[in-house]
A.B. asks: 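Structure provided below as structure tokens; questions to follow.
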Amino acid sequence: MTTEANILTAIRQAETIAIVSHKSPDGDSIGSSLAMYHLLKKWGKNVTVVHPDPAPEFLHWLEGQETIVDWEKQPEKAAELLHAAELVICLDFNEPGRVGNDMKPALESAPGRKIMIDHHLHPADFCEYVISRPEICSTAQLIYEWLEAAGELASLDEQIGNCIYLGMMTDTGSFRFPSVSPKTHEILAHLLKIGVQHFRIHEQVYDTNTIDRIRLRGFALSEKLVCLPNLPVAYVSLSAEELERFHYQKGDTEGLVNQILGIKGISMAVLFMEKDNKVKISFRSKGNWKVNELASAHFAGGGHMYASGGASDDSLERTIERFVTIVPEYVPSA
Ligand code: 5GP
Ligand code: MN
């Protein structure tokens, strides 16, 4: 049997199912989780999405979002659901640590069978059935392809389609990254045919900025942008005080690092943010620049070749100093 068929069988055999995704939800983790949620509801399962922390507001409109149980707000309930699940479906992450240190032990000790559907490199060995395809643009696309391979595409409807569209859209920078393939567009065509209103999803995600968010981004780009003198590298740093000044809400800096990468001639863009006594770092690149190697070697992180993240316990200044010192090592040789 194929992995796709095995996953279908495991789902058929289970009554109680938990869907888990990574910390700091994004469009793909929410989209793929809720696509799977609506599908399994339709199949009559007792299913709950259990996430480490709540999604930013620009993702709250999606149907089913209100049913997500998050560890940060309801740790006992989240632990109970993980423990009770006969099947735990892990979406859009490749190792248990990505759910955060608080929730990780509960995920690891969950007695149910585990499935992974993901597109990050180097999956850890903690699931019985694994679909790991780093070349695919989003986990949402993988869910569509799994349904298709399992012969269950007839279950797809507009509600599930909206979730899949969201994940594919946000993980591809609105269908522009190299990870977009002919298959991506074939899927999009199908989603539109079954009633997905793509323009509404773009509006919900991109045209719902608060004034504070727009001002914070304006401040970041006009006052805090640094371009390294001898390298095509640019960064922005935001201190806790600066974030506070603009009443920072989760999601306010979403996409900011991509704007930095949009500067002509820039090959690597970095955003440093002082949050929860740590510095959270987002890396983006193009061409042959591999930010995942830099993130994993120096900032306890990882991710994709062109989009990675990490963190540092040093001060903001010291973290930036460290970055500036090591970045020349990551200039591609070709
Ligand atoms: P973002 O910059 O949007 O937070 O993260 C970009 C990508 O980097 C994510 O999709 C994820 O693959 C990866 N990533 C972000 N933070 C971390 C981290 O702390 N550890 C690891 N291993 N990967 C991360
Ligand atoms: Mn993803």
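Counting starts at 1 for both ligands and their atoms, following the listed order. Computed from a prediction, not measured in an experiment: that's the story for all the values here.
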A.B. asks: What part of Glu95, side chain, backbone, both or neither, has a heavy atom within less than 4.0 angstrom of ligand 1?
C.D. replies: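 The answer is neither; Glu95 stays 4.0 Å or more away.
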A.B. asks: Mind telling me whether Tyr206 and His202 have parallel, tilted or perpendicular rings, with 30° and 60° as the class edges?
C.D. replies: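 Plane angle between 30° and 60°, so tilted.
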A.B. asks: So for His22, does at least one of its heavy atoms come nearer than 4.0 angstrom to any atom of ligand 1?
C.D. replies: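 Checking ligand 1 against His22, which is what was asked, there is no heavy-atom contact under 4.0 Å.
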A.B. asks: Should you measure from each heavy atom of Ser282, which atoms of ligand 1 turn up under 4.0 Å away?
C.D. replies: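 What qualifies from ligand 1 is 1 (P), 2 (O), 4 (O).
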A.B. asks: Indicate, with yes or no, if the rings of Phe177 and Tyr306 have centres closer together than 6.0 Å.
C.D. replies: no
A.B. asks: Run the contact test for Arg284 against ligand 1 with a 4.0 Å cut-off on heavy atoms, strictly below, and give the result.
C.D. replies: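 The answer is yes: ligand 1 sits under 4.0 Å from a heavy atom of Arg284.
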A.B. asks: Name the residue from Gln204, Gln197, Glu203 that meets the side-chain hydrogen bond (donor to acceptor under 3.5 Å, both in side chains) definition with Arg200.
C.D. replies: Gln197
A.B. asks: Suppose we measure from atom 9 (C) of ligand 1 to each protein heavy atom; which comes out shortest, and what is that distance?
C.D. replies: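 I find the closest protein heavy atom is Arg98 NH2, 4.3 Å.
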A.B. asks: Please find out if less than 6.0 Å separates the ring center of Phe323 from that of Phe272.
C.D. replies: yes
A.B. asks: Which residue from Gly309, Ala311, Ala307 reaches closest to atom 15 (C) of ligand 1 through any of its heavy atoms?
C.D. replies: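 Nearest heavy atom to atom 15 (C) of ligand 1 lies in Gly309.
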A.B. asks: Return the residue, atom name and 0.1 Å-rounded distance of the protein heavy atom closest to atom 16 (N) of ligand 1.
C.D. replies: Lys280 NZ, 3.0 Å
A.B. asks: Below 6.0 angstrom between ring centroids: does that apply to His190 and Tyr165?
C.D. replies: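 Ring centroids of His190 and Tyr165 are no less than 6.0 Å from each other.
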A.B. asks: Tell me the protein heavy atom at minimum distance from atom 23 (N) of ligand 1, and give that distance in Å.
C.D. replies: Gly302 O, 3.1 Å
A.B. asks: At distances under 2.8 Å, what protein N, O or S atoms surround the Mn ion (ligand 2)?
C.D. replies: Asp28 OD2, Asp92 OD1, His119 NE2, Asp171 OD2
A.B. asks: Return yes if a side-chain donor-acceptor contact under 3.5 Å exists between Thr139 and Ser32, otherwise no.
C.D. replies: no
A.B. asks: For atom 20 (N) of ligand 1, what is the nearest protein heavy atom, given as residue, atom name and distance?
C.D. replies: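 Residue, atom and distance for the closest contact: Gly301 CA, 3.5 Å.
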A.B. asks: Count the heavy atoms of every other residue, nucleotide or ligand shown that sit under 6.0 Å from NE2 of His185, and state whether that count exceeds 12.
C.D. replies: yes
A.B. asks: Regarding Gln249 and Thr210, is there a side-chain donor-to-acceptor distance under 3.5 Å anywhere?
C.D. replies: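 No - no donor-acceptor pair under 3.5 Å links their side chains.
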A.B. asks: Looking only at side-chain N and O atoms, does Tyr235 offer a donor or acceptor that is under 3.5 Å from a partner on Lys224?
C.D. replies: no
A.B. asks: Should Ser308 be listed as contacting ligand 1, given a heavy-atom distance under 4.0 Å as the test?
C.D. replies: yes
A.B. asks: Any chance NZ of Lys183 has more than 12 other-residue heavy atoms, nucleotides or ligands included, within less than 6.0 Å?
C.D. replies: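 Result for NZ/Lys183: enclosed.
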A.B. asks: Please find out if less than 6.0 Å separates the ring center of His119 from that of His304.
C.D. replies: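 That pair passes the under 6.0 Å test.
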